[in-house]
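Everything below concerns the one structure shown next.
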Amino acid sequence: MQIVAIAENGTGTVDLDGTRYPVELMLIEDPQIGDYVLIHAGYAIEKLDIAEADARLALFESLAEIYRQETGLPVTLAAPPRQREAV
Amino acid sequence: MTRYIEGFRKMDAASHFRTTLAEQGRQLAEQGRSIHLMEVCGSHTMAIARFGIRDFLPAAISLVSGPGCPVCVTDPGYIDAAITLAGQGKIIATFGDMLRVPGSRTSLAEARAAGGRVEVCYSPLTAIELARNHPETEVVFLAVGFETTIAPVVAMLDAVIRQAIDNVSLLTAFKRVPPALSALIADPEIQIDGLLCPAHVSAIIGADAYRPYAEQYGVACVVAGFEPLDILYGLQGLTQQLLENRPHVDNQYGRVVKAEGNRQAQRLMEHYLLPADASWRGLGTIPASGLVLRPEFARFDAVHRHGILPTPGRINPRCQCGEVLKGKIRPAQCPLFGVACHPDKPLGPCMVSSEGSCAADFKYARGGA
Ligand code: SF4
């Protein structure tokens, strides 16, 4: 979630795909508008390093590409979560 | 952000890991070895069950769940103390998971049905709101959790003190993850070769917190996120460390976790809290594994304020949560699993919390078994 506003009392607003939520920022150092943060129980608990996230995604994508080349299988969908049918 | 969620769940990258893990399993078998990995954190437990990750592992790699669900390790006596306070007319503010956890006799849900005031909060800040709206009584916040939750609760207490609110107190059962891991690793009955270290707890305590396990006990450690690809990558990393006999701490969750952790949160926790011995349901008392309010903040401690004395309480003797939490048995090996004990009628806390091993296995069990 990305910080889109910081009020004078240090409380912030974050955006997740167009929805906005209030968030407390006192547990992270020097929060800035535009920072991505990890939120737990209404508090931002750490900043997200978006460059690291992108690098990891690129790694996973390259592993997927190796697999596709080795097996000739096409791109498949995201792994489906399994869930027990209603009991 | 959806791009990130989908990106961390791609099936063909997962298939790559399946192939790699199978190859690693073959190498382990060749060396005549089998390895035991433990996932420490309840969010990992849930994701592993949900995405069927155990199915990706060859026979030589076993993955057990650890004590990583704070609700599951809370003593029934703690619930009893909260119920006593509710009976005295206090407002009990709690995260939702605690409601149905069995105490020695009843649960908070039953206490609520009997007229007790129990309010479910998403954030500890709700306690402040409740206290403002109900100046005639006191709000007791059930301060249960590991480091990830301790930091926000302490931040709430900081706001209470700054705003000079005096009708909020904490009933604390804070737990620290590292001392519990030390106790498990030292237990001769439990074999742990590698730890899949928690994601969000590590954001607070830092990846360096695991170095003693690698350096002194030779246990492989990987800090991993909890998307399925993160977990598979972590399991592959742990196995590789063990194959090469080179145990160390590998922080694979660098997008969130720093080596030193969140210093700001650590400072705030140190300001308000002190380590103390703590009792863990199923594991017993572990030295310095809890955090309690410093004496100068005793007026915010519900136990001190109301002179109650929480005891460990009485556990249903048939519940095997202790064995499950130590990773000694899988939930389905408990004779009550899915029979006398299921999420609608949990006998033990591992079946209550969505992060509990029994609840996760029940919900996502293969083939509706
Ligand atoms: S299945 Fe129920 S009774 Fe058995 S260990 Fe799990 S929570 Fe306890």
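Labels below follow one simple rule: chain letters A, B, ... track the order of the sequence lines, proteins then strands, and each chain is numbered from 1.
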I need the minimum non-hydrogen distance between B:Tyr122 and A:Gly42, along with the two atoms involved.
OH-N, 3.7 Å
A:Glu24 portion near chain B, given a 4.5 angstrom heavy-atom threshold
side chain
CZ of B:Arg267 to CD of A:Glu29, rounded to nearest 0.5 Å, is 5.0 Å
Distance in Å, B:Tyr253 OH paired with A:Leu48 CG, rounded so as to fall on 0.5 Å steps
7.5 Å
Any donor-acceptor N/O pair, B:Asn262 side chain to A:Ile45 backbone, under 3.5 Å:
yes
If only atom types and distance count, is the side chain of B:Gln264 paired as donor or acceptor with the main-chain N or O of A:Leu27 below 3.5 Å?
no
Sorted by chain and residue number, the ring-ring contact (aromatic ring centres under 6.0 Å, His included) partners of B:Tyr233 (sequence neighbours excluded) come out as A:Phe60, B:Phe17
Looking at every non-hydrogen atom in both residues, tell me the closest pair between A:Ala41 and B:Ser123 and how far apart they are.
O-OG, 3.0 Å
Indicate yes or no: at least one non-hydrogen side-chain atom of A:Glu46 is less than 4.5 angstrom from one of B:Lys258.
yes
Count the heavy-atom pairs under 4.5 Å between each of B:Cys121, B:Ala151, B:Ala159 and chain A, then report the option with the highest count.
B:Ala151
